Each structure stands twice: as structure tokens, then as C-alpha cells.
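Can you read through this structure? Questions will come right after.
Excluded from the calculations below are hydrogen atoms, water molecules and symmetry mates; all remaining heavy atoms, backbone and side chain alike, are included. Predicted model, so just to flag it, every value in this text is computed and none were measured.
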Amino acid sequence: MTTRSHTRGGGILGGPVDGPERLAARFPACPALPGLAVAHRSSGFAGRLVALAGDEVVVVGQTGLEKRFRNAPGSFAVGGQPVHLVAPPAAAGPDTISGGRVSATGRTASGSRAVVGARARVAQPSRILVEGVHDAELVEKVWGDDLRLEGVVVERLDGIDHLADVVADFSPGPGRRLGVLVDHLVAGSKEARLAAEVRHPCVLVTGTPYVDVWQAVRPAAAGIVAWPQVPRGIPWKEGVCAALGVAEPGVLWRKLLNVVTTWKDLETPFVRAVEQLIDFVTDPGAT
């Protein structure tokens, strides 16, 4: 477990130049709570808010299609009224930091030393890619404070079949590093083969042996003895839900995410993989 000491200070998932404060003041602030019904005014895309990460908003439509929009003041409407989506207020108390919560030991959920009252840093060119929305939410839950202070944005890859193309489009280089977190990165897997094809000094691919990021949550934290064995041919999430008596994956995932409070609730391979990526993209000596 790497312990990071932050000395500098918006979100992790990826306005006007003149007078942003004046523009923001024209629209009422609306807390960006997950599940909030919103409509993107310029495109007409409507759905439920998945996440607010810095200056970007992730929205899922009725068909399950997810889109990412820049969160300019007035760009979204709630109940037909233009608003400025803002981060929900953190739990009250003197230990609040950058939207997260500092423990009594002065540590963030990732175990890093907290800097109370520090402001989030402007997003840096380097990025971390994860396979899906659940991976992104889990990283945010534990490492969100660290990433905001470092100005690192986490973006969804939605599978790695086109990883080489994604890396090429990103154009990594000095000061523009790319970290990629992959599920099921084991010898002989498709994921391992695709990851091995990426050879660039400014790109690091790490991963875990788990079929799905759900398995990164320790069974004890989830209140189970072990993750169920799912027979071949059955979608893993659906098989797990059936074995645990849960109606549908979305319900189980929210329960899992709620029980994770610190890195200690996660399996070591996942923690190690994420920490390696954060260290890689934030290395001040990188050239």
C-alpha cells in the first residue's frame, strides 16, 4: 500500500473563457446526485445522471446508452429549468476534504495523508483508463480525493478490444502519460494478449486476475463467505446475482459500492494495480 502525502490541490472521471463566475451565477446550483433526471440542452439527450467528475457529466439514457458531456453552467436542465450541476455537499464536519471524508487518523479512504481544505487541481494531460463504469465508481470511492488533488482524470475504456487504437489516439508522450486498468489480466487470456501489444514508455497497463471488478471487493466486506462459482456459459454478473438471491446486477452493485469505505475493503491485487497507475501518471520526474 503506497502512502502519498499531498501538498497541492476537479473530479476524476473525464466554460466560457470570459467571466465563468458571472455565467454560473445566472443558473441555480443543483446537486448532481446519481440517478437525477437531467437533459442536455444543446443535444436533447435525456437520462439519469451517473457521475459528475470535475467538468464532465456522465448520463445514461433509457436504452442504456451512456454519454459524457462538459458541465458548463446552464448546459443541463432539471425539470425543464436550466441549472448548474455542482458536486453534492459532503457530509458536515471539519474533516471534509475535496468532496470526500477524512478518517479520524487524518487519512483518506486510500490511506493517503489528507490535506484538509485543499482545492482540487486543474486536470492534467495524463489519464487513467478503466474498463467500465463500475471500475470507475470503485476507483472514485477509494482514490477520488487523491486523484482530484493530483488533477488526474479517470475515463472509461468499455473493454479493451481496441486498446491499441485508443492508445494511438491518446498520443502518449513526455508529460502525457496513460495508465490502463484491466480485468482478468492472467496468462493466456485475451486481455493479457492485447495488453502485451501495447509497448510505449509512457503507457502502463496493470490489471487483476478477477473476471469482473466486483470480485475486487473482499467477500468479508460484502457479507459473504466467498464469491459464487458461476458455470461456463452463464453471464458472470447474472450468475452471481442468482446465487446470492439478488434481483438484478444494478441492485447488487449499489450494495457493494456502499460497503466499501477504505482500501482495506478491497483485494490486494486491485489496490496494488490502482496504486501503480496513480504513481505512474503522477511521477514528477517522468520525462
Side-chain angles (χ1 to χ4, degrees), residues 12-13 32-38 46-53 57-68 88 109-110 128-144 154-161 163 180-186 188-192 194 206-274:
I12 71 164
L13 298 182
L33 299 171
L36 179 69
V38 298
R48 298 285 176 178
L49 190 144
V50 175
L52 170 64
V57 176
V58 181
V59 180
V60 60
Q62 293 183 347
T63 63
L65 175 66
E66 288 193 3
K67 290 191 175 184
R68 185 182 294 267
S110 71
I128 291 177
L129 301 181
V130 298
E131 285 208 59
V133 67
H134 291 177
D135 305 71
E137 289 179 326
L138 195 56
V139 171
E140 156 65 22
K141 185 73 180 285
V142 176
W143 288 273
V154 172
E155 297 180 352
R156 287 174 48 193
L157 183 59
D158 291 327
I160 67 167
D161 288 344
L163 180 59
V180 184
L181 181 66
V182 177
D183 296 329
H184 199 229
L185 193 63
V186 297
S189 69
K190 175 190 75 172
E191 291 81 1
L194 293 172
T206 68
T208 70
Y210 310 124
V211 174
D212 190 276
V213 73
W214 289 12
Q215 289 179 294
V217 179
R218 292 182 182 273
I224 58 178
V225 175
W227 284 104
Q229 295 293 318
V230 179
R232 281 183 174 274
I234 297 178
W236 191 83
K237 284 187 173 74
E238 284 74 4
V240 167
C241 287
L244 297 180
V246 180
E248 58 96 16
V251 173
L252 181 54
W253 172 244
R254 301 324 300 180
K255 291 181 178 179
L256 289 174
L257 194 60
N258 285 338
V259 301
V260 174
T261 57
T262 75
W263 64 274
K264 295 179 182 180
D265 296 319
L266 303 176
E267 297 286 5
T268 299
F270 185 81
V271 174
R272 183 184 299 119
V274 175

Problem set entry | Matching residue for L181 among L129, L157, T206 - test: side-chain contact (heavy atoms from CB on, under 4.5 Å) | T206
Problem set entry | Which residues share a salt bridge (charged side-chain N to carboxylate O under 4.0 Å, His left out) with E267, sequence neighbours left out | R218
Seminar exercise, completed: dist L194:CG -> I160:CD1 (nearest 0.5 Å) comes out at 4.5 Å
Problem set entry | Point-to-point distance, once rounded to the nearest 0.5 Å, from OG1 of T208 to CG of L266 | 11.0 Å
Exercise. side-chain hydrogen bond (donor to acceptor under 3.5 Å, both in side chains) with R254: which residues, sequence neighbours excluded?
Worked result: E137
Exercise. If every non-hydrogen atom of K141 is compared with every non-hydrogen atom of L257, which pair is closest and at what distance?
Worked result: NZ-O, 2.5 Å
Problem set entry | Side-chain donor or acceptor of N258 paired with backbone N/O of K255 under 3.5 Å | no
Seminar exercise, completed: Here the gap from E155 atom CD to I128 atom CD1, rounded to the nearest 0.5 Å, amounts to 10.5 Å
Exercise. Taking C-beta and beyond as the side chain, do D183 and W214 meet within less than 4.5 Å on heavy atoms?
Worked result: no
Exercise. Looking at A222 and L256, what are the two nearest heavy atoms and their distance?
Worked result: CB-CD2, 3.7 Å
Exercise. Are any of the side-chain heavy atoms of V59 and V38 separated by less than 4.5 Å?
Worked result: yes
Exercise. Can you tell if the side chain of V182 reaches within under 4.5 Å of the side chain of H184, non-hydrogen atoms only?
Worked result: no
For this session: Please name the pair of heavy atoms, one in L52 and one in A32, separated by the smallest distance, quoted to 0.1 Å.
Result: CD2-CB, 3.6 Å
Exercise. Looking at CD of E191 and CG of D161, how far apart are the two atoms once the value is rounded to the nearest 0.5 Å?
Worked result: 8.5 Å
Problem set entry | Under the side-chain contact (heavy atoms from CB on, under 4.5 Å) test, residues paired with K67 that sit two or more places apart | F45, L65, F69
Seminar exercise, completed: Separation between CZ (F270) and CG (D265), nearest 0.5 Å, reads 12.5 Å
Can you list, pair by pair, the side-chain donor-acceptor contacts under 3.5 Å of residues 225-241, counting residues two or more places apart and other chains?
residue: W227; atom: NE1; partner: V217; partner atom: O; Å: 3.1
residue: K237; atom: NZ; partner: D212; partner atom: OD2; Å: 2.4

Problem set entry | Gap separating the CH2 atom of W263 from the OG1 atom of T268, nearest 0.5 angstrom | 7.5 Å
Exercise. Any side-chain heavy-atom pair from W253 and L138 closer than 4.5 angstrom?
Worked result: yes
Problem set entry | Listed partners of A220 passing side-chain contact (heavy atoms from CB on, under 4.5 Å), at least two apart | none
